Amino acid sequence: MRAHVRLFVWLLVTSPVLAQTAAKPAAKPDPRAVHNSALIIDTHADTTQYFNDDFDITKGALAEGRHLDLELARRGNLGAQFFSIWVDPEAPRSQGRFALRTFEQIDSVYRQVARHPDRMMMAFSPADIQRAHAGRKLAVLMGIEGGHSIENNLALLRDYYRLGVRYMTITWSNSTDWADSSGDIDKAGVPHTKKGLTEFGEEVIREMNRLGMMVDISHVSDRTFYRTLVISRAPVIASHSSARALTNHRRNMTDDMLRAVARNNGVVMVNFYSGFVDEDYRREAAQLNAEANAAEEKLRAQLKDADAVTYYRAFNKLHREFAARVPRPPLKSLIDHIDHVAKIAGIDHVGLGSDFDGITSLPQGIDSVADLPKITEALAARGYTAEQLHKILGGNLMRVFRDVERVSHDMQAEEKADAAAAATKR
């Protein structure tokens, strides 16, 4: 052992100051300080379904049994919210009018922002999110939930992008002509694809990549998930999905799927719904399915002429009544899912996709967006560092969003180069 090495070892052992410094553990982060300093992004809320001329997004959510309003968002330090543009394929007045209802909802989002320009800002890019955050405004983004909204027409997909839609969930609980859903994969009489995507479905994914629209694989069948990852040049997102290893629901993702998203450099945004994060809740709630389905059919007949917001409010109220018959799981169940995704996919591939205002049961302690700090606190208690928490709370989604933009720029540049090369040959 060289003399200077021996001297260092001797000093470390004999000097109380040096020994204490070397052994001092890293300081634990202050959860509240971390949460308040983070850019927090939630990739899925169904509040849009309530938007009409009388809706007030500034307050009153809890009194109505909802989860999100601007006051609650301020208390939870929410920085950016993707509002779901979802057309209920079973609603009587939506039949044959998917695109029309999609446009109506997009318009409703713009109208809400126009009413509250001091507190909300439309955002179409990561840079916009940063600008809104710097200005202490909620960044408002949109994601289409369900490929049926494009009505098998790429022109509509491009129109939605021009209007600000920045992700599309390939399917909802219903399969389309070109992609399979996990919601009806075993349903008799529903046709499905051979590979998970048809040739047109693959064209949809490529066009989303070219436009810069994030590809969302929540809700899709397992086969569609894997085929999508083969086709997509850009990282994908799961806007609101949890872990199947912990809660055995087909809407959740297997560990192999989590690893595949990591290889794709995408991100899984964990859903907060009790039935997706707690196996006991899922099993007990499933026992009510037959009764709930019968009540739904009866309500659907009663509301066949109702407008979309009235229809949604009535169905949400019915579902909340059934959900209340099953005890809410502990907050630990949700934290377990975030922790599991972080461990299996990696810390760079997990985020938050609450499904607020679209779900009827949340874990104990999470009653609204105002309770987001409790998630940060619980994760910090499990040893997550400030840097890791910032990734989970929004940093990972920002990275994916930027990567999707980069792929779009590359593809459009390739397109121009190919066109130029073709022109020189003519």
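The shown structure was predicted, so the numbers you read here are calculated from the model rather than taken from an experiment. Just so it is clear, the values below take in all heavy atoms, side chains as well, and ignore hydrogens, waters and symmetry mates.
Counting only heavy atoms from C-beta outward, the side chains of Ile231 and Arg206 approach each other to under 4.5 Å. In this structure, Asp255 and His340 have side chains that are in contact, with non-hydrogen atoms separated by less than 4.5 Å. Counting heavy atoms from C-beta outward, Val215 and Ile237 have side chains that stay 4.5 Å or more apart. Inter-residue side-chain proximity for Ile338 and Ile375 is flagged as met; some heavy-atom pair is nearer than 4.5 Å.
No donor-acceptor contact under 3.5 angstrom links the side chains of Gln112 and Ser108, judged on distance only. His44 and Glu145 form a side-chain donor-acceptor contact under 3.5 Å, judged by distance and modelled atom types alone. Asp56 and Thr58 share a donor-acceptor pair across their side chains, judged by distance under 3.5 Å alone.
Scanning both residues, His390 and Val34, for their nearest heavy atoms gives NE2-O, 3.3 Å. Scanning all heavy atoms of the two residues, the minimum distance from Phe51 to Val309 falls at O-CG2, 3.5 Å. Heavy atoms only, all atoms of each residue included: His133 and Gly79 are closest at ND1-CA, 4.4 Å. Heavy atoms only, all atoms of each residue included: Leu331 and Pro363 are closest at CA-CB, 4.0 Å. Nearest heavy atoms, Lys194 versus Arg223: O-NH1, 3.5 Å. Taking each heavy atom of Thr47 and Phe55 in turn, the nearest pair found is CG2-CZ, 4.0 Å.
Within a 6.0 Å radius of CD in Glu199, no more than 12 heavy atoms belonging to other residues, nucleotides or ligands are found. In the displayed structure, Glu279 atom CD is contacted under 6.0 Å by more than 12 heavy atoms of other residues, nucleotides or ligands. Crowding of Arg136 atom CZ: a count of heavy atoms from other residues, nucleotides or ligands under 6.0 Å not exceeding 12. By the 6.0 Å contact criterion, CD on Gln364 is enclosed, its count of non-hydrogen atoms from other residues, nucleotides or ligands being greater than 12.
A salt bridge links Arg244 with Asp222: the distance from a Lys NZ or Arg NE/NH1/NH2 to an Asp or Glu carboxylate oxygen falls below 4.0 Å. Between Glu405 and Arg402 no salt bridge is recorded (no basic side-chain N to carboxylate O distance below 4.0 Å). Comment: Asp371 does not engage Arg75 in a salt bridge, judged by the lack of any side-chain N to carboxylate O separation of less than 4.0 angstrom. At a threshold of 4.0 Å, the pair Arg382-Asp339 counts as salt-bridged, since one of the basic side-chain nitrogens sits closer than that to a carboxylate oxygen. Remark: Arg210 does not engage Glu203 in a salt bridge, criterion side-chain N to carboxylate O under 4.0 Å. For Arg300 and Glu297, the salt-bridge test passes: some basic side-chain N is under 4.0 Å from an acidic carboxylate O. Under 4.0 Å is where a charged nitrogen must lie from a carboxylate oxygen, and between Arg227 and Glu202 at least one such pair does.
Taking CH2 of Trp178 as the reference point, atom CD1 of Ile170 lies at 6.0 Å (rounded to 0.5 Å). Expressed to the nearest 0.5 Å, how far CD1 of Ile41 lies from CG of Leu141 amounts to 8.0 Å. Rounded to the nearest 0.5 angstrom, Ile217 CD1 and Thr228 OG1 are separated by 8.0 Å. The structure places OH of Tyr273 at 10.5 Å from CZ of Arg282, a figure rounded to the nearest 0.5 Å. Taking CD of Glu90 as the reference point, atom CG of Asp88 lies at 6.0 Å (rounded to 0.5 Å). Here the CG-CG distance, from Leu246 to Asp278, works out to 10.0 Å after rounding to the nearest 0.5 Å.
Using bins of under 30°, 30° to 60° and over 60° for the plane-to-plane angle, the ring pair His219/Trp172 lands in the tilted bin. Using cut-offs of 30° and 60° on the angle between ring planes, the pair Phe98 and His148 is perpendicular. Between His319 and Phe315, the two ring planes are perpendicular [angle over 60°; tilted spans 30° to 60°]. Between Phe401 and Phe82, the angle of the ring planes lies from 30° to 60°, which puts this pair in the tilted group.
No donor-acceptor pair under 3.5 Å is formed between the side chain of Ser221 and the backbone N or O of Ser182. No donor-acceptor distance shorter than 3.5 angstrom exists from the side chain of Asn396 to the backbone of Val267, with no hydrogens or angles considered. Counting only distance, with no hydrogens or angles, the side chain of Asn252 and the backbone of Phe276 share a donor-acceptor pair below 3.5 Å. For the pair Arg101 (side chain) and Val87 (backbone), a donor-acceptor distance under 3.5 Å is absent. No donor-acceptor pair under 3.5 Å is formed between the side chain of Asp42 and the backbone N or O of Gln81. Between the side chain of Asp69 and the backbone N or O of Gly60, at least one donor-acceptor pair lies under 3.5 Å. Side chain of Gln388 to backbone of Thr385: a donor-acceptor contact under 3.5 angstrom is found. Without hydrogens or angle criteria, Asp46 side chain to Ser84 main chain gives no donor-acceptor distance under 3.5 Å. Here the side chain of Tyr110 pairs a donor or acceptor atom with the backbone of Leu163 at under 3.5 angstrom. Of the possible polar contacts, one joining the Tyr167 side chain to the Thr43 backbone as a donor-acceptor pair under 3.5 Å is found.
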- Where do Ser241 and Arg251 land on the side-chain hydrogen bond (donor to acceptor under 3.5 Å, both in side chains) test, with the steps shown first? CA-CA 7 Å; Ser241 293; Arg251 270 278 284 110; 3.3 Å; yes
- Could you go through the side-chain hydrogen bond (donor to acceptor under 3.5 Å, both in side chains) check for Asp216 and Ser239 one step at a time? CA-CA 6 Å; Asp216 178 16; Ser239 68; 2.6 Å; yes
- I would like to know whether Val220 and Asp180 meet side chain to side chain contact (heavy atoms under 4.5 Å, CB included); could you show each step before the answer? CA-CA 6 Å; Val220 302; Asp180 300 332; over 6 Å; no
- Give the C-alpha distance, both sets of side-chain angles, the deciding distance and a yes or no for side-chain hydrogen bond (donor to acceptor under 3.5 Å, both in side chains) between Asn152 and Asp177. CA-CA 8 Å; Asn152 298 346; Asp177 293 335; 2.7 Å; yes
- Message: Before you tell me yes or no, could you show the steps for Thr102 and Leu156 under side chain to side chain contact (heavy atoms under 4.5 Å, CB included), namely the whole-Å CA-CA distance, both residues' side-chain angles and the distance that decides it to 0.1 Å?
- Response: CA-CA 10 Å; Thr102 302; Leu156 281 174; over 6 Å; no
- Check the pair Asp184 / Ser175 against side-chain hydrogen bond (donor to acceptor under 3.5 Å, both in side chains), numbers first and verdict last. CA-CA 7 Å; Asp184 60 12; Ser175 295; 2.6 Å; yes
- Task: Applying salt bridge (Lys or Arg N to Asp or Glu O under 4.0 Å), run through Arg233 and Glu414 and close with a yes or a no.
- Result: CA-CA 13 Å; Arg233 283 179 56 174; Glu414 291 167 8; 3.0 Å; yes
- Do Arg328 and Asp367 pass the salt bridge (Lys or Arg N to Asp or Glu O under 4.0 Å) test, and can you show the C-alpha distance, the side-chain angles, and the key distance before you say yes or no? CA-CA 11 Å; Arg328 293 168 65 182; Asp367 297 312; 3.0 Å; yes
- Message: Using side chain to side chain contact (heavy atoms under 4.5 Å, CB included), reason through Phe272 and Val277 one step at a time and then give a plain yes or no.
- Response: CA-CA 7 Å; Phe272 294 7; Val277 299; over 6 Å; no
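By the 6.0 Å and 45° rule, Arg66 does not stack over the aromatic ring of Phe356.
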